[in-house]
Q: 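Let me begin by handing over the structure; questions about it come next.
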Protein chains: 2
Amino acid sequence: MTFAKFKKLAMISMEDICREIFNENPDSIRIKKEHLVVKNLMTIFNATIKLSNAKGFHAMSLRDLGRESGLSLGCLYNYFASKEELLTIIQDQGRRIVARLLDQSVDSAMHPKDKLEAVIRTHLYLSEVMQPWFFFSFMETRYFKKREYEKSIAGELKTEQRIIDILEAGRAQQVFNIDQPMLTASVTKAMLQDWYLKRWKFRRQKITVENYADFVIQFVDSAIM
Amino acid sequence: MTFAKFKKLAMISMEDICREIFNENPDSIRIKKEHLVVKNLMTIFNATIKLSNAKGFHAMSLRDLGRESGLSLGCLYNYFASKEELLTIIQDQGRRIVARLLDQSVDSAMHPKDKLEAVIRTHLYLSEVMQPWFFFSFMETRYFKKREYEKSIAGELKTEQRIIDILEAGRAQQVFNIDQPMLTASVTKAMLQDWYLKRWKFRRQKITVENYADFVIQFVDSAIM
DNA sequence: GTCTATACAACGATAGAC
DNA sequence: GTCTATCGTTGTATAGAC
């Protein structure tokens, strides 16, 4: 799939999931009109991630958030019960869309080499479309309270396990030549992470997400074939 | 070099650099007895990094730091002029020791393949000995004010340039087969970073720093030879 | 050198007017 | 539904006792 096509798919998923959140949290969200909630929630999420990525979630005050989102401090509290909970729903939304799109992509390929390419390419495209969320998630996870922390780590390990499974299947079919599938998956994931962690570097060097995807796929292939 | 031997070397450098900091900052450090300053500075640095890595530098209050280091809030201000400055001297100390030990190691190898192995192994050993500092530096850099931010980025690019130079020299001597030295260096660095960013994962899998170094060296070699 | 006490600003959260 | 006003708490930093 090209990146352009992927982008449209992801955007639709985001609004959908915002609507799901509204329906699942009738206790915290005190506003009743759906169109208003979806619109303001999207604004609040984007503003939160923007400010958090600039100064950190903890350092972002709700007064800052009010200014950035155009809502008053008091009004914000109609959309979430506490600053802590705001974080939880942002994390839930992001994890849900990542899992959904990654599953779709990997399942559509059959052979290990294609599956490996699919997981690498899709993860990179995902982290390009949702770079602010990926960055936010990576940087803030360590501050999460136990429950939220564990969900975040579990999501990460699940992604890694997906790669391990593909590598082991490929080894069993004698497509890949690998001694240590876990470490191989680990360094592959490190390369994927670098795309959203060091975006300034790749921008500066004018590397597109498609360039980078091609390179990583070729690099991993030459190491394990 | 084995990790055990490397560790001793690094420890000596740390105290040395603490002494250098004392001599270079007579304005901020109001205490005059060297042995006291070196002792308390080391305590303050370690406590700062420990607390910051747990809750973030910004969220760490100086009351917390006083409790952790065993000094009163007022007393801390005899060792640095502001919280901001505390961060600066910690960064300076870390960067200095990294640059010193990395230079030593890379310069002692002659052939590109040995140099590549040296930079990978030394960086991993360094980030094992100084894991808290590396983690701190990676996580906090984005909050630094302009001057400090630029120094941090420059240090990072310098490390990456070291790898690029080795790869290009190896390509010129037809030892390595590489299309894109910059991207190759970039993903190599991503693998090095993962060692100090995801330590919990490697601990859980009982991977030692020597295991990981051997693996990364072999993985990169198979991709570029 | 190290302590306690305190000044002043900014935080998350809530109540009640509009 | 959104606003302003305000509560109690906690932050950095300093002054002056010991």
Side-chain angles (χ1 to χ4, degrees), chain A residues 18 21-22 25-45 47-48 51-52 54-90 140 143-145 148, chain B residues 18 21-22 25-45 47-48 51-52 54-90 140 143-145 148:
Chain A
C18 242
I21 288 173
F22 168 61
N25 292 279
D27 299 337
S28 336
I29 302 174
R30 288 202 285 261
I31 311 295
K32 294 301 158 208
K33 293 178 185 166
E34 185 181 279
H35 72 280
L36 209 58
V37 172
V38 172
K39 187 191 115 218
N40 281 341
L41 268 188
M42 292 281 274
T43 308
I44 292 171
F45 290 171
T48 303
L51 292 175
S52 294
K55 49 162 67 181
F57 181 75
H58 181 268
M60 173 198 78
S61 75
L62 293 180
R63 286 174 178 85
D64 290 339
L65 181 57
R67 218 171 295 124
E68 179 73 26
S69 64
L71 294 164
S72 72
L73 174 58
C75 187
L76 287 176
Y77 276 89
N78 289 322
Y79 290 89
F80 47 82
S82 69
K83 196 185 175 188
E84 178 82 20
E85 200 202 77
L86 170 59
L87 193 142
T88 302
I89 56 182
I90 287 176
E140 301 293 340
Y143 306 135
F144 293 171
K145 300 245 164 71
E148 209 49 38
Chain B
C18 241
I21 287 173
F22 168 61
N25 292 278
D27 299 336
S28 336
I29 302 172
R30 288 203 285 262
I31 311 295
K32 295 300 159 209
K33 292 178 184 166
E34 185 181 279
H35 73 278
L36 209 59
V37 172
V38 172
K39 188 190 116 223
N40 281 340
L41 268 188
M42 293 280 274
T43 308
I44 292 171
F45 289 171
T48 303
L51 292 175
S52 295
K55 49 162 68 180
F57 182 75
H58 181 267
M60 173 198 77
S61 75
L62 293 179
R63 285 183 177 89
D64 290 340
L65 182 56
R67 218 172 296 124
E68 179 73 26
S69 64
L71 293 163
S72 72
L73 175 57
C75 186
L76 287 176
Y77 276 90
N78 289 322
Y79 289 90
F80 48 82
S82 69
K83 197 186 175 189
E84 177 81 20
E85 200 201 79
L86 170 60
L87 193 143
T88 302
I89 56 181
I90 287 177
E140 301 294 340
Y143 306 133
F144 294 172
K145 300 247 163 72
E148 209 51 37

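Atoms considered below: every heavy atom in the structure, side chains included; atoms not considered: hydrogens, waters and symmetry mates. A note on names: the letters A, B, ... follow the listed sequences, proteins ahead of strands, and every chain is numbered from 1.
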Q: When you measure from every atom of DNA chain C, which of residues 33-40 of chain A have a heavy atom less than 4.0 Å away?
A: none
Q: Need one value for B:Tyr79: base, sugar-phosphate or nothing, where a base atom within 4.0 Å counts as base even if backbone is also close, heavy atoms only.
A: sugar-phosphate
Q: If I compare all heavy atoms of A:Asp64 with all of A:Ala59, which pair ends up nearest, and what's the gap?
A: OD2-O, 4.2 Å
Q: Evaluate side chain to side chain contact (heavy atoms under 4.5 Å, CB included) for B:Val38 paired with B:Leu41, printing each intermediate quantity in order.
A: CA-CA 5 Å; B:Val38 172; B:Leu41 268 188; 5.9 Å; no
Q: Mind checking the CD1-CD1 spacing from A:Ile89 to A:Ile44? Nearest 0.5 Å is all I need.
A: 8.0 Å
Q: Calculate, to the nearest 0.5 Å, the distance between atoms CG and CZ belonging to B:Leu86 and B:Phe57 respectively.
A: 5.0 Å
Q: If you check the B:Tyr77 side chain, which of C:dA13, D:dC3, D:dT12 turns out closest?
A: D:dT12
Q: I want to verify a distance call: between D:dT12, C:dA13, C:dC3, whose nearest atom is closest to the B:Leu71 side chain?
A: C:dC3
Q: Among C:dG1, C:dT2, D:dC3, which is the nearest nucleotide to the side chain of A:Cys75?
A: D:dC3
Q: Answer yes or no: does a side-chain N or O of A:Ser61 lie under 4.0 Å from OP1 or OP2 of C:dA10?
A: no
Q: Report the distance from atom OG of A:Ser28 to atom CD1 of A:Ile21, rounding to the nearest 0.5 Å.
A: 10.5 Å
Q: Strictly distance-based, threshold 3.5 Å: is any side-chain N or O of B:Glu68 a donor or acceptor partner for the main-chain N or O of B:Leu51?
A: no
Q: Want to settle it: does A:Ala59 or A:Gly74 sit nearer the 5' end of DNA chain C, counting the closest nucleotide to each?
A: A:Ala59
Q: Please answer whether the main-chain N or O of B:Ser61 pairs with a side-chain N or O of B:Lys83 as donor and acceptor at a distance below 3.5 Å.
A: no
Q: Decide yes or no, distance alone: a donor-acceptor N/O pair under 3.5 angstrom between the base of D:dT10 and the side-chain of B:Arg63.
A: no
Q: Distance check needed: D:dT10 P versus B:Lys83 NZ, whole Å only.
A: 16 Å
Q: For B:Arg67 and C:dT2, give me the distance from atom CZ to atom C1', rounded to whole Å.
A: 17 Å
Q: Could you tell me the separation between the CG atom of B:Leu65 and the P atom of C:dC3, rounded to a whole number of Å?
A: 13 Å
Q: Within this structure, what is the CG-to-C1' distance between A:Leu86 and C:dG12, rounded to whole angstrom?
A: 13 Å
Q: Among D:dT2, D:dT12, C:dG1, which nucleotide sits nearest the side chain of B:Ile31?
A: C:dG1
Q: Mind calculating the distance between CD1 (A:Ile44) and P (D:dT2) to the nearest angstrom?
A: 9 Å
Q: Rounded to whole Å, how long is the line connecting atom CG of B:Leu73 with atom C1' of C:dC3?
A: 11 Å
Q: Nearest whole Å is fine: how far is D:dG11 P from A:Lys55 NZ?
A: 17 Å
Q: Roughly how many Å is it from CE in A:Met60 to P in C:dA13, rounded to a whole number?
A: 10 Å
